[in-house]
Protein chains: 2
Amino acid sequence: MRYARWMADEPKIASAWTRPRRQRETLSREQIVAEAVKLLDAEGVEALSMRTLGTRMGTAATSLYRHVTNRDELIEFVVDEVYGEIEVPDGSEGWRASVTACAGSVRAMILRHPWIASLLGQVGLSYLGPNVMRLNDRMLALFEGAGEFGPVEADKAISAVMAFVIGMGVSEAAWLTSLARSGQDEREWVAELAPAAVKAAEPYPHLRAHVAAGRVDDMRQTRDEHFTYGLNAILDGLQPRRPS
Amino acid sequence: MRYARWMADEPKIASAWTRPRRQRETLSREQIVAEAVKLLDAEGVEALSMRTLGTRMGTAATSLYRHVTNRDELIEFVVDEVYGEIEVPDGSEGWRASVTACAGSVRAMILRHPWIASLLGQVGLSYLGPNVMRLNDRMLALFEGAGEFGPVEADKAISAVMAFVIGMGVSEAAWLTSLARSGQDEREWVAELAPAAVKAAEPYPHLRAHVAAGRVDDMRQTRDEHFTYGLNAILDGLQPRRPS
DNA sequence: ACCGTCTGCGTACAGTGTTCGCAACAAGGG
DNA sequence: CCCTTGTTGCGAACACTGTACGCAGACGGT
């Protein structure tokens with residue numbers, strides 16, 4: 001395939017333009033994780049194998065190991081990469097508005113890349129990636145600055161908010177992944193699943209009432225409401241904990 | 001190996017005691033998921049393959065497929081199985097105490113089985129398992145009964161609490177899994193990782209201060225404190241949202 | 001005693017992550 | 001200009017995975 005670079009039928013004109021130029025820029029670590037993210041976005045988590053990633057980049061699978069020691073390491077890089085998409089304001093809009101915006105940014109990132117729901121568990125939560133570090137730093141600045149938290153309290157408060165946001169986002173992402181795998185419209189899908197749900201909920205009186213009254217109108221807005229409801233509850237609970 | 005059951009060297013005494021008794025009880029679906037849980041607890045998530053699970057049960061790998069259609073289905077069963085360990089009080093102790101106890105039970109379950117952090121993402125969050133249904137039913141009873149929430153609010157409040165508890169638990173589980181993989185004592189491990197952490201945090205002023213002041217005393221208690229801090233914040237925020 | 005159904009299992013196949021050694025390249029020094 | 005040295009891509013190979021298929025033995029009912 002790409003042997004043509006050094007095969008004899010190529011004219012050996014020693015010019016800067018015919019020079020093979022060993023396409024270095026197609027096989028650096030940054031390019032590999034970028035292509036991995038694109039592959040995950042396009043085909044989902046079960047499509048990420050070293051071989052398919054290699055063919056996507058026009059190289060052999062084993063070539064990737066020159067720039068990435070492991071598949072696990074690649075996944076750590078990928079996770080850190082998408083963490084880089086999270087924006088956290090500087091706090092000039094006030095603590096609460098800034099945290100709300102940051103939480104929304106995290107959720108948006110997760111919903112843009114639902115496969116991290118799978119990958120977050122597979123890797124030991126890479127705490128040392130530069131983008132994760134940057135995120136933590138900005139969050140600390142936000143909680144200690146505009147939030148007026150003390151250093152220890154800021155740590156706890158950030159953990160609480162992030163646990164909620166990630167927990168909620170991962171749950172949504174798992175739902176959306178299953179939905180995507182079904183290949184159907186969301187309304188069709190829940191309509192198809194409804195009988196099984198009703199049957200499964202049948203022995204449980206409270207659940208049964210909820211399943212029966214389940215509104216299927218626009219679940220997108222329902223999800224948004226659930227998220228903002230929980231986030232506001234947490235922020236309400238955090239507000240009086242500031243020592244100010 | 002187990003051919004002896006029907007091989008001719010076995011005395012063919014037609015008695016109830018020498019009868020082969022086809023050990024049915026070693027290969028039902030319940031036994032399979034129970035053994036899978038034991039395997040996961042003992043060896044971690046990367047050790048769960050159909051073949052190793054089969055040899056653990058003294059059967060061939062393909063025999064498992066008579067009782068479980070898929071590996072994914074097995075995982076759904078396993079997840080539902082450990083969900084069955086969660087206890088939720090009936091609310092007679094009051095709403096807040098009951099929710100706190102339930103949240104603690106969920107966290108304890110996750111820390112007992114840290115591998116669900118990986119499995120929760122791999123499966124599309126099996127909402128229809130009987131134990132998940134039971135848990136949701138009891139939670140609804142708790143929030144609508146002792147909590148005096150309306151049905152819609154109860155749904156949102158439960159989502160919020162569960163998102164936090166699961167998010168926090170999964171994060172802890174990921175940490176503990178990495179720790180277990182290192183095979184070291186927790187103090188040793190963080191001491192070994194500290195230089196890398198300091199170096200990674202170096203460009204970020206707020207984080208740097210936190211990493212420098214990081215207390216390694218007893219992280220177990222620190223984790224507990226983080227959990228109860230966040231949980232109390234959420235419950236504080238939920239309390240005034242009850243229509244009472 | 002027979003027959004249909006159920007269950008365990010050996011074999012096989014496609015696909016996975018990863019190792020190893022070889023060949024082609026780039027750069028530098030004589 | 002050649003030769004050396006390190007770097008990078010790659011084919012082959014290995015151990016292992018999930019799973020389909022068909023066979024044979026066991027069970028249950030008549």
Side-chain angles (χ1 to χ4, degrees), chain A residues 1-10 12 14 16 18-32 35-36 39 43-76 78 118-119 122-123, chain B residues 1-10 12 14 16 18-32 35-36 39 43-76 78 118-119 122-123:
Chain A
M1 17 175 89
R2 276 165 67 256
Y3 275 63
R5 273 198 273 125
W6 57 72
M7 268 167 77
D9 54 353
E10 181 118 354
K12 278 272 187 76
T18 62
R19 187 163 50 90
R21 205 163 79 87
R22 185 200 264 265
Q23 47 252 67
R24 218 292 168 41
E25 59 261 32
T26 78
L27 214 52
S28 69
R29 193 173 78 189
E30 289 76 14
Q31 305 267 340
I32 289 176
E35 189 67 36
L39 172 58
E43 313 257 2
V45 69
E46 64 273 5
L48 177 66
S49 80
M50 299 307 251
R51 279 183 244 260
T52 62
L53 182 57
T55 55
R56 273 228 169 191
M57 308 194 63
T59 72
T62 58
S63 305
L64 305 174
Y65 286 88
R66 292 286 174 189
H67 307 89
V68 163
T69 68
N70 244 348
R71 194 187 119 104
D72 286 355
E73 190 182 283
L74 170 63
I75 288 179
E76 282 191 44
V78 163
S118 314
L119 298 193
Q122 271 184 45
V123 73
Chain B
M1 18 175 90
R2 276 166 68 257
Y3 275 63
R5 274 198 272 126
W6 59 73
M7 269 168 79
D9 54 353
E10 180 118 355
K12 277 272 185 73
T18 61
R19 186 163 50 91
R21 205 163 79 88
R22 183 202 262 267
Q23 45 252 65
R24 223 288 171 39
E25 59 261 33
T26 78
L27 214 51
S28 69
R29 194 172 77 188
E30 288 76 14
Q31 306 267 340
I32 290 176
E35 189 68 35
L39 172 58
E43 313 257 2
V45 68
E46 64 273 5
L48 177 66
S49 79
M50 299 306 250
R51 279 181 244 258
T52 61
L53 182 56
T55 55
R56 274 228 168 191
M57 308 193 64
T59 71
T62 58
S63 304
L64 306 174
Y65 285 88
R66 292 288 173 191
H67 307 88
V68 163
T69 68
N70 245 348
R71 194 187 118 106
D72 285 355
E73 191 182 284
L74 170 63
I75 288 179
E76 282 191 42
V78 164
S118 314
L119 298 192
Q122 270 184 46
V123 74

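Chain A is the first sequence line, chain B the second, and so forth, proteins listed ahead of strands; every chain is numbered from 1.
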key: B:R66 CZ - D:dA24 P separation (whole Å)   = 14 Å
inquiry  = For A:R56, give me all partners under salt bridge (charged side-chain N to carboxylate O under 4.0 Å, His left out), at least two apart in sequence or on another chain.
reply    = A:E35, A:E43
ask   = Can you give one letter per nucleotide of nucleotides 11-19 of chain C, 5' to 3': B if a protein heavy atom sits under 4.0 Å from the base, S if only from the sugar-phosphate, - if neither?
value = BB---BBBB
note = d(B:L53 CG, B:L74 CG) to nearest 0.5 Å is 6.5 Å
note = Per side chain to side chain donor-acceptor pair (under 3.5 Å), A:T69 is matched among A:R71, A:R66, A:E73 by A:E73
key: salt bridge (charged side-chain N to carboxylate O under 4.0 Å, His left out) involving A:E46 - partner list, sequence neighbours excluded   = A:R181
ask   = How many Å lie between CD1 on A:I32 and P on D:dT8, as a whole number?
value = 11 Å
query = Hey, what do you get for CG (A:D72) to CD (A:Q122), rounding to the nearest 0.5 Å?
reply = 7.5 Å
message = I need the A:L39 CG to A:T55 OG1 distance, nearest 0.5 Å.
response = 8.5 Å
Any A:H67 side-chain N or O less than 4.0 Å from OP1/OP2 of D:dT7 = no
request  = Nearest whole angstrom, please: distance from the P of D:dG9 to the CE of A:M57.
outcome  = 10 Å
ask   = Tell me: CD of B:Q122 to C1' of D:dT17, nearest whole Å?
value = 13 Å
ask   = Considering only C:dG8, D:dG11, D:dG9, which nucleotide approaches the side chain of A:A60 most closely?
value = D:dG11
query = To the nearest angstrom, how far is A:L64 atom CG from D:dG11 atom P?
reply = 13 Å
task = Taking only the side-chain nitrogens and oxygens of A:S63, find out if one of them lies under 4.0 Å from OP1 or OP2 of D:dC10.
result = yes
Interatomic distance where CG belongs to B:L53 and P belongs to D:dT17 [whole Å] = 12 Å
